[in-house]
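Convention: sequence-line order gives letters A, B, ...; per-chain numbering from 1. Note that this is a predicted model, so its numbers are computed, not measured.
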Amino acid sequence: MPELPEVETVRRGLVEHVVGRTIISAQALHPRALNPKSLGGLSVIEGAQVQAIRRRGKFLWFVLDRPLVLAAHLGMSGQFLIRPFDIRHTRAMFTLKNGRKVTELHFNDQRTFGWLSIEETLGGLPTSVLKIAPDIFEDEYDQKSVIENIKRRNIKIKTAILNQNIVSGIGNIYADESLWLAKVHPERVASAMKTSDISRVLDSAKKVMSEALDVGGTSFDELYVNVNGDSGYFDISLNAYGQENEPCPRCGTPIKRIQFANRSSHFCPKCQKS
DNA sequence: GGAAATGTTTACCG
DNA sequence: CCGGTAAACATTTC
């Protein structure tokens with residue numbers, strides 16, 4: 001469930017199900033579930049009450065009634081599930097209690113690129129999030145300085161918006177969708193772009209991601225689901241990502257797919273001029 | 001069997 | 001230091 005709209009969907013589910021509850025037990029079931037940088041095993045948060053679930057970009061963290069937080073990144077296939085019907089890929093388990101009510105929370109992760117870690121905070125941010133830039137929906141997000149940052153670089157615009165240290169939360173799907181909406185070719189060099197074009201890309205990213213969030217994110221299969229195991233519906237709204245050879249919804253030209261930084265880029269060769 | 005999959009980090013090269 | 005590229009992590013599906 002991995003880009004900003006999907007992670008935010010998970011965060012909202014966690015707010016419903018775990019905030020205000022006390023962690024009775026927490027244990028990792030797979031050696032890769034715990035980030036090597038974690039200050040300790042998951043059991044160190046047993047007894048703590050969850051006060052809030054926060055997010056920056058694709059990073060989540062559980063605020064506790066103690067100085068430490070439980071930070072989490074879903075990687076490519078991580079899930080937090082309340083009522084898992086599939087426990088094949090459960091990598092960690094939490095039992096939470098609120099009075100007599102008991103909640104079992106699973107951290108599932110097929111590809112095991114996701115992780116959990118116990119971290120300290122600095123200025124309210126977990127250690128692993130310190131270098132991550134604010135995402136487009138945060139109060140701290142300053143689009144003017146983000147544009148200046150991007151403009152200083154001789155990198156492709158898609159590389160810039162995928163860089164979590166420049167602006168966080170955007171992954172391969174929403175990068176392609178944002179560039180399509182902004183009519184900007186993914187390989188345009190940032191330093192040669194007009195400020196207004198960079199601005200339009202970022203505005204488009206905000207628009208696309210808020211629309212995706214409204215429908216619970218993008219799910220192609222059951223890997224990307226909320227805490228109740230439900231899929232999001234943004235896949236039906238995709239205009240470029242995964243649409244190779246499909247007609248561009250704006251001009252009818254077949255969407256093109258190219259290799260980009262070891263992955264795929266999808267764009268309309270007519271609308272998005274290089 | 002090969003390729004690809006919504007992420008991040010690191011090594012290496014020029 | 002900068003940017004590009006490939007690989008690494010691991011699993012599953014088409």
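Between the NZ atom of Lys156(A) and the C1' atom of dT5(C) there is a distance of 10 Å, given to the nearest Å. When rounded to the nearest whole Å, the span between CD1 of Ile258(A) and P of dT5(C) equals 11 Å. Straight-line distance from the NZ atom of Lys58(A) to the C1' atom of dT9(B): 13 Å, rounded to whole Å. Straight-line distance from the CD atom of Gln259(A) to the C1' atom of dA6(C): 12 Å, rounded to whole Å. Between the NZ atom of Lys158(A) and the P atom of dG3(C) there is a distance of 18 Å, given to the nearest Å. If you take OH of Tyr224(A) and C1' of dG7(B), they are 10 Å apart, rounded to a whole angstrom. Atom CD1 of Ile150(A) is separated from atom C1' of dG3(C) by 16 Å (rounded to the nearest Å). If you take CD1 of Ile132(A) and P of dT9(B), they are 6 Å apart, rounded to a whole angstrom.
Contact annotation for Arg152(A): no contact, since no heavy-atom pair falls under 4.0 Å across all strands. Across all strands shown, Ile173(A) has heavy atoms under 4.0 Å from base atoms, whether or not it also approaches the sugar-phosphate. No contact: Tyr174(A) has no heavy atom under 4.0 Å from any strand.
The aromatic rings of Phe62(A) and Phe94(A) lie parallel to each other, with less than 30° between the two planes, well short of the 60° mark.
Side-chain contact between Ser265(A) and Lys158(A): present, with at least one pair of heavy atoms (C-beta onward) separated by less than 4.5 Å. Counting only heavy atoms from C-beta outward, the side chains of Leu70(A) and Leu42(A) approach each other to under 4.5 Å. Between Ser191(A) and Arg153(A) there is no side-chain heavy-atom pair separated by less than 4.5 Å. Looking at Phe260(A) and Asn172(A), their side chains never come closer than 4.5 Å, going by heavy atoms from C-beta outward. Looking at heavy atoms from C-beta onward, Val208(A) lies out of side-chain contact with Trp180(A) at the 4.5 angstrom threshold.
How far CD of Glu177(A) is from CE of Met209(A): 12.0 Å, rounded to the nearest 0.5 Å.
The pair Arg188(A)-Asp197(A) counts as a salt bridge, with a side-chain nitrogen and a carboxylate oxygen less than 4.0 angstrom apart.
Base pairing in DNA chain C gives the following stems of 3 or more Watson-Crick or G-U pairs, range against range and under 3.5 Å: B:2-5 with C:11-14, B:7-14 with C:2-9.
To the nearest whole angstrom, the two P atoms, one in dA6(C) and one in dA3(B), are 14 Å apart.
Two residues, Arg257(A) and His73(A), neighbour DNA chain B, and the one matched to the more 5' nucleotide by heavy-atom proximity is Arg257(A).
Residue Arg263(A) places none of its side-chain N or O atoms closer than 4.0 Å to OP1 or OP2 of dA5(B).
A donor-acceptor pair under 3.5 Å is formed between the side chain of Gln79(A) and the backbone N or O of Glu222(A).
Looking at Thr218(A) and Asp235(A), their side chains never bring a donor and an acceptor atom within 3.5 Å of each other.
Checking dT8(B), dG3(C), dA5(B) against every side-chain atom of Met76(A), the shortest atom distance belongs to dA5(B).
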Contact letters for nucleotides 7-14 of chain C, in which S counts primed atoms plus P, OP1 and OP2 and B counts the base, heavy atoms under 4.0 Å: B-BBBS--
